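Residue indices begin at 1 and follow the sequence shown. Since this is a predicted model, take the numbers as computed values, not measurements. All ligand and atom numbering here is 1-based and tracks the order in the structure.
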Amino acid sequence: MATLFGKIVRREIPADIVYEDDQVLAFRDINPQAPQHILIIPKREDIPTLDDAKDSDGPLLGHRLLTAQKLARELGIAESGYRLIMNCREEGGQTVYHLHLHLLGGRQMLGF
Ligand code: AMP
């Protein structure tokens, strides 16, 4: 099902895009929770949640993690540290049902 992230992939709505390749798109969160708050999403629109991912999606999921690593370096937060979050469904706090990884950094992260 198309979500607003799918519309961002198709450039139907604007976003502050910081990285793109053939598999993933990364853009700034519209409601940042840290000085650096990036969302990294697959361009594919058929993985609403992590629970919907298949074994065959492993390379894509790994690529997304390594994209986070590279972006953290580019944004200058790799050495100070950062947090990656993936919310899954309602009790996980997921609000947009297009798989996404939050990259947060630029401030001290506190405990849960
Ligand atoms: P989650 O709660 O894990 O589903 O995260 C969804 C995230 O998407 C939230 O942090 C929102 O602030 C962010 N968000 C919602 N709409 C937009 C948008 N149009 N552009 C960028 N980020 C958005």
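Atoms of ligand 1 found under 4.0 Å from any heavy atom of Q94, numbered from 1 in the order shown, are 4 (O). The atoms of ligand 1 that sit less than 4.0 Å from any heavy atom of G93 are 1 (P), 2 (O). Per-residue contacts place N87 under 4.0 angstrom from the following atoms of ligand 1 (heavy atoms of the residue considered): 1 (P), 2 (O), 3 (O). The ligand atoms of ligand 1 that sit less than 4.0 angstrom from a heavy atom of L4 are 16 (N), 17 (C), 18 (C), 19 (N). Listed by atom number, the atoms of ligand 1 under 4.0 Å from F27 heavy atoms are 21 (C). Heavy-atom contacts of L39 reach the following atoms of ligand 1: 8 (O), 13 (C), 22 (N) (cutoff under 4.0 Å). Shown in contact with T95 at under 4.0 Å from a heavy atom are these atoms of ligand 1, numbered in order with element: 1 (P), 2 (O), 4 (O), 5 (O), 6 (C). Of all atoms in ligand 1, listed by their number and element, those nearer than 4.0 Å to a heavy atom of N31 are 12 (O).
With a heavy-atom cut-off of 4.0 Å, H102 touches ligand 1 through its side chain alone.
Contact annotation: the side chain of E74 never approaches that of V18 to less than 4.5 Å [non-hydrogen atoms, C-beta and beyond]. The shortest side-chain heavy-atom distance between R11 and I17 falls under the 4.5 Å cut-off. Taking 4.5 Å as the limit, every side-chain heavy atom of H37 sits out of range of all side-chain heavy atoms of N31. T67 has its side chain within reach of L71: a pair of non-hydrogen atoms, C-beta onward, lies under 4.5 Å apart. R44 has its side chain within reach of D57: a pair of non-hydrogen atoms, C-beta onward, lies under 4.5 Å apart. Residues I41 and F27 form a side-chain contact, since some pair of their non-hydrogen atoms from C-beta on lies under 4.5 Å apart. Side-chain contact check for T95 versus N87: every heavy-atom pair is 4.5 Å or farther apart.
For the pair R83 (side chain) and H102 (backbone), a donor-acceptor distance under 3.5 Å is absent.
Closest heavy-atom approach to atom 7 (C) of ligand 1 among the candidates D29, V96, L99: D29.
Heavy atoms of R28 come nearer than 4.0 angstrom to ligand 1 in at least one pair.
Among all non-hydrogen protein atoms, the one lying nearest atom 8 (O) of ligand 1 is F5 CZ, 3.4 Å. Of all protein heavy atoms, the one lying nearest to atom 1 (P) of ligand 1 is H100 NE2, 3.1 Å. Of the protein's non-hydrogen atoms, I30 CG2, 4.0 Å is the one closest to atom 15 (C) of ligand 1.
Using modelled atom types and a 3.5 Å distance limit, the side chains of R28 and Q36 yield a donor-acceptor pair.
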